[in-house]
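Written out below as structure tokens is the structure these notes cover.
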Amino acid sequence: MLADNKEIKISVKNLKKSYGSLEVLKDINTEVTKGEVVCVIGPSGSGKSTFLRCLNKLETVTSGSIIVDGNDITSKSVNINKVRENIGMVFQHFNLFNNLNILDNLTLAPVQLKKCSKAEAEKRAVEMLSKVGLADKAESYPSQLSGGQKQRVAIARALCMQPDIMLFDEPTSALDPEMVGEVLQVMKDLAADGMTMVIVTHEMGFAREVADRVIFMDGGYIIEEGTPSEVLLNPKEERTIDFLNKVL
Amino acid sequence: MIKIITVYGTMLLGAMGRTLLLALLGLFFACIIGMIFGIMGVVKNRACNIIAQIFVDVIRGVPMIVLAFFVYFGIPYLFNTIIGGFSVSLTALQAGTICLALNCGAYMAEIIRAGIQSVDIGQMEAARSLGLTYGMSMRKVVLPQAIRTMIPTFINQFIITLKDTSILSVIGFPELVNTAKNVQANTFMSFQTWAIVGIMYLIVITILSRSAKVLERRLNVGR
């Protein structure tokens with residue numbers, strides 16, 4: 001899988017994470033290469049969201065290392081804010097800034113972090129909004145949008161920082177069924193553009209169609225990983241088969 | 001009643017002015033104290049959390065009248081007699097301001113802490129995930145939302161503090177209640193005197209709470 005010496009964007013080694021005596025991630029080892037789309041699936045409580053949140057240090061790890069673009073983010077000497085500028089994240093509950101309108105949601109970080117001037121940021125924000133089909137919503141407030149629209153704005157907001165990597169934490173789980181499609185479409189476009197993506201999802205159809213690799217997690221371990229056809233169609237492990245029987 | 005108004009009217013109005021001055025000074029410093037200890041209550045630092053909690057518990061656990069005596073008489077006595085070598089003295093206005101600032105500040109700290117914690121944690125996480133620092137996220141995303149929810153409670157606290165200035169009559173600050181005591185002593189018309197004082201408080205506080213309502217409505221535009 002890594003044979004074609006592609007650039008490694010994320011490298012996770014011996015990652016462990018506990019909350020008190022509860023061990024959520026037991027020993028995670030994996031790598032994500034440039035342009036790869038990785039879908040993480042598994043039952044709830046398997047640690048997949050925690051794993052994703054470790055990748056941009058929203059959770060501090062207990063032990064192990066996570067190297068993103070050559071920076072070990074578990075080390076205290078690495079400026080995590082700088083690393084995060086390069087990693088976009090999309091949340092299950094959108095988390096748009098409720099006090100700001102859509103345009104300001106998109107321009108806040110680029111302007112505050114002096115990535116570009118206000119005018120440039122606004123220009124890019126409008127571009128990104130058009131990309132997700134919401135150019136007419138620039139002046140609206142988050143409370144005026146539907147769930148699917150909010151999630152598309154959230155993706156556009158992350159893209160405004162021009163990240164190399166995008167993390168998605170169950171981006172469609174809080175949406176009405178009819179709105180899932182519009183969000184998945186935006187994600188498909190992004191994958192087609194060559195974005196490196198790690199996606200925690202329950203959308204098996206999406207994983208099969210878009211993922212380069214599927215990781216199945218359970219009980220804090222990676223049980224099985226491989227191409228969608230390997231993991232989703234011809235799973236080898238008992239627990240993967242069990243899980244897929246329940247969800248498909 | 002008319003006699004009190006004509007003879008003592010300006011005196012009582014002046015006293016009301018001093019009451020408002022004391023309340024404003026107290027509130028001003030209370031806001032600063034409340035902000036500091038409120039933020040210390042939410043940051044991810046155990047020591048800060050504990051210090052903030054102790055401050056709030058101590059001030060809330062002591063009646064303001066005791067605090068007033070302690071600051072006005074106790075503190076100068078500590079420096080001048082117990083430690084010795086100092087000549088600290090506080091005016092009634094200074095001591096009163098300190099008391100109100102500490103007392104109201106403790107309650108404000110709790111309001112601010114609760115207000116910040118009422119904002120969904122996802123707002124902070126989303127801001128941090130974009131690379132914004134904790135301080136930027138707080139200033140630009142969390143606090144603006146927290147302040148909206150805090151405003152009604154703030155106004156309530158302002159009103160309580162305005163009324164609490166009357167407690168400071170015990171250290172001799174010539175605010176409204178203290179002045180009214182003199183009027184009563186001079187005229188023996190206790191019913192009329194306290195009725196007038198009551199109405200004066202009522203008017204000021206009604207104006208305050210009405211304008212607060214307007215402010216609240218303005219801030220909710222675009223929500």
Side-chain angles (χ1 to χ4, degrees), chain A residues 49 52-53 55-60 79-102 104-115 139-144 150-151 153-163 165-169 174, chain B residues 31 34-35 38-39 42-50 111-155 212 214-223:
Chain A
S49 279
L52 192 76
R53 290 162 58 85
L55 298 182
N56 67 350
K57 215 180 181 181
L58 281 184
E59 303 287 347
T60 34
N79 180 356
I80 188 64
N81 294 322
K82 268 277 169 262
V83 179
R84 281 175 178 154
E85 288 181 14
N86 248 338
I87 312 176
M89 185 161 195
V90 174
F91 299 84
Q92 182 176 0
H93 296 288
F94 331 126
N95 299 352
L96 295 185
F97 305 136
N98 296 319
N99 56 321
L100 302 175
N101 71 18
I102 301 306
D104 292 339
N105 260 275
L106 269 63
T107 57
L108 177 72
V111 173
Q112 285 293 314
L113 297 169
K114 303 193 168 56
K115 299 281 276 187
E139 301 298 323
S140 304
Y141 276 83
S143 60
Q144 296 164 322
K150 281 185 199 170
Q151 197 61 299
V153 170
I155 295 172
R157 177 177 67 183
L159 291 177
C160 276
M161 287 297 289
Q162 300 182 304
I165 303 167
M166 287 283 284
L167 308 177
F168 294 82
D169 189 4
Chain B
C31 284
M35 206 65 179
I39 300 241
V42 292
V43 294
K44 267 193 190 166
N45 181 317
R46 211 70 195 107
C48 284
N49 299 160
I50 291 171
I111 296 169
I112 289 168
R113 184 189 58 75
I116 291 172
Q117 286 175 343
S118 76
V119 176
D120 179 30
I121 182 84
Q123 297 284 312
M124 175 59 94
E125 286 182 351
R128 296 305 305 274
S129 79
L130 290 163
L132 295 172
T133 62
Y134 180 86
M136 286 174 181
S137 310
M138 222 17 155
R139 269 200 320 279
K140 295 290 175 179
V141 176
V142 177
L143 280 180
Q145 295 182 56
I147 285 169
R148 276 180 177 173
T149 66
M150 288 177 210
I151 283 173
T153 341
F154 263 154
I155 288 157
V214 175
L215 177 76
E216 205 179 310
R217 223 173 296 137
R218 286 239 180 107
L219 281 169
N220 275 333
V221 171
R223 198 174 198 174

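Throughout, a chain's letter reflects where its sequence line sits, starting with A, and its residues are numbered from 1. Atoms considered below: every heavy atom in the structure, side chains included; atoms not considered: hydrogens, waters and symmetry mates.
- Proximity to chain B is absent for every atom of A/L167, based on heavy atoms less than 4.5 angstrom apart.
- The two residues A/F97 and B/A126 come nearest to each other via the heavy atoms CE2-CB, 3.9 Å.
- The environment of A/K57 atom NZ is dense: over 12 non-hydrogen atoms of other residues, nucleotides or ligands sit within 6.0 angstrom.
- Here the closest heavy-atom approach between residue A/N81 and residue B/L132 is recorded as OD1-O, 3.6 Å.
- The shortest non-hydrogen separation linking B/P144 to A/N99 is CB-ND2, 3.4 Å.
- Between the side chain of A/E85 and the backbone N or O of B/L130, no donor-acceptor pair lies under 3.5 Å.
- Here the closest non-hydrogen pair linking B/G131 and A/L113 is O-CD2, 3.6 Å.
- The CG atom of A/N95 sits 10.0 Å away from the CD1 atom of B/I121 when rounded to the nearest 0.5 Å.
- The contact between A/R53 and chain B is made entirely by side chain atoms (from C-beta outward), counting heavy-atom distances below 4.5 Å.
- In terms of heavy-atom proximity, B/Q123 sits nearest to A/L96 at NE2-O, 2.8 Å.
- Rounded to the nearest 0.5 angstrom, A/T60 OG1 and B/K44 NZ are separated by 6.5 Å.
- With a 4.5 angstrom heavy-atom cutoff, A/L58 touches chain B only via side-chain atoms.
- Note that CZ of B/R128 is 13.5 Å distant from CE of A/M89, once rounded to the nearest 0.5 Å.
- One finds the OG atom of B/S129 at 9.5 Å from the CE atom of A/M161 (value rounded to the nearest 0.5 Å).
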